[in-house]
Protein chains: 2
Amino acid sequence: MPTPRTLRTRARILDAALDLFERQGYDATTVNQIADAAGITPMTFFRHFPTKDAVLVTDPYDPLIAEAVGAQPAGLPPLERVRLGLLAALGDITPTEDSTAKRRVALVAQSPSLRAAAAVGTDATQQAIVARLVADGVDRLDAAIAAAACLAATTAALLAWGTAPDDLAVLVRRALAQLAPAGATP
Amino acid sequence: MPTPRTLRTRARILDAALDLFERQGYDATTVNQIADAAGITPMTFFRHFPTKDAVLVTDPYDPLIAEAVGAQPAGLPPLERVRLGLLAALGDITPTEDSTAKRRVALVAQSPSLRAAAAVGTDATQQAIVARLVADGVDRLDAAIAAAACLAATTAALLAWGTAPDDLAVLVRRALAQLAPAGATP
DNA sequence: CCCGTAACGTTAGTCGCTAACATTTGGTGT
DNA sequence: ACACCAAATGTTAGCGACTAACGTTACGGG
């Protein structure tokens, strides 16, 4: 239960940061500048976001995705289970996007250092999926390969979405379709 | 043409760093400690390695891989071209591994922050592949998806190799086989 | 309208990394 | 063997991300 005050400052930090990042670039913007623009102290910035890149990169979807993957038929090959699981989870995530999502993704798409930060989040998602599949008796390496490939394809679509007018769900479906077994409908 | 002295110090830094990383962990080791152990100044460390993680993460293979991908039949779907290209490049890379390769990979496999650093390198490789495919008329998003998926699968195999007794080439072939169209031999 | 508590500020410090300039070292050619 | 010049290293000073401990403000519920 975050107090109203917390939400206000958090929103001011996010606004200031997004504005500065878009105007002068992520790397050229310091936390001090963001804090000044938001009318706070650098210290306070770090109380709301653990790192500078956390303003742009957040993933609260790991459990949801892992569960969706686990819900797919256990008889399927790992790659298919992950692929179908991601497609299923897509429906739950897409409508939730807040209004800053696209701006954030566009910024991440531009800076390699930010993509690396985003990779840490993807990595966590991958571990969650692997853990779920291993619990079902899937070989650990096979699970890691399937999860890594599907998440990488999804990420590629996500980054393209940041700088394109298309619908996110369409791009992700197109990405995962490329990993489908030859001649499959979904 | 690196002077002999340069090679010596470089080797001493690498030895000291690997030793410290393995004994007390990557994050817990400072550049100062590495410099002391190597009998040099922190400044000199950065003259040989641009960043702390560069001791462990290096990729001089981008052009080689991009070329191998481009050499595959242009009629194939992008995913197949990248997949076969990586398999072809594998033969050229594997014999070149130096003796510290496995120790370095094992360390990278342990720390999420290091995996992120490695992701920057993978990202560059992906861009190289995409550029090559786009030059052949392939759609940019399709190319990015194919490259991202294949490289992610390969990376998963590489990280597994760090902590397993298996042969690297075997693991990579197994990884890429999962992305093959249903019922293909290679 | 008061009061407790959450939110914020202050200070001081570590670590990764960089720039500009001075200094040493080592291999080369005589 | 010796002197020389360039390459390699050291010195100092500094920035930016991030953390810890502790004191201070101000907001919102009663």
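Naming: A, B, ... by sequence-line order, numbering from 1 per chain.
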Please give, in whole Å, the distance from D:dA8 C1' to B:R12 CZ?
13 Å
Under 3.5 Å, is there a donor-acceptor pair between the side chain of B:T122 and the main chain of B:A118?
yes
Is B:L151 linked to A:V120 within one hydrophobic cluster, defined over Ile, Leu, Val, Met, Phe, Trp and Tyr using a side-chain heavy-atom separation of less than 4.5 Å?
no
Would A:K52 and A:Y26 count as a cation-pi pair here, with the cationic atom under 6.0 angstrom from the ring centre and within 45° of the axis?
yes
Could you walk me through whether A:N32 and A:T30 pass the side chain to side chain donor-acceptor pair (under 3.5 Å) check?
CA-CA 5 Å; A:N32 273 315; A:T30 77; 4.8 Å; no
Hey, does the side chain of B:Q72 reach the backbone of B:A68 with a donor-acceptor pair shorter than 3.5 angstrom?
yes
At under 4.0 Å, does any side-chain N or O of B:T9 touch on OP1 or OP2 of D:dA8?
no
Would you say A:V55 and A:F45 make side-chain contact, with heavy atoms under 4.5 Å?
yes
Residues touching DNA chain C, which here means a heavy atom under 4.0 Å, drawn from residues 35-57 of chain B:
B:M43, B:F46, B:P50, B:T51, B:K52
Atom CD of B:Q127 with >12 non-hydrogen neighbours under 6.0 angstrom
yes
Kindly indicate whether the side chain of B:L158, heavy atoms from C-beta on, has any atom under 4.5 Å from the side chain of B:V172.
no
Interatomic distance, A:I34 CD1 vs D:dG16 P [rounded to whole Å]
12 Å
Note: contacts of residues 104-119 of chain A with DNA chain C (heavy atom, under 4.0 Å) are none
What N/O pairs connect the protein and nucleotides 27-30 of chain C at under 3.5 Å? Give each pair on its own line.
none

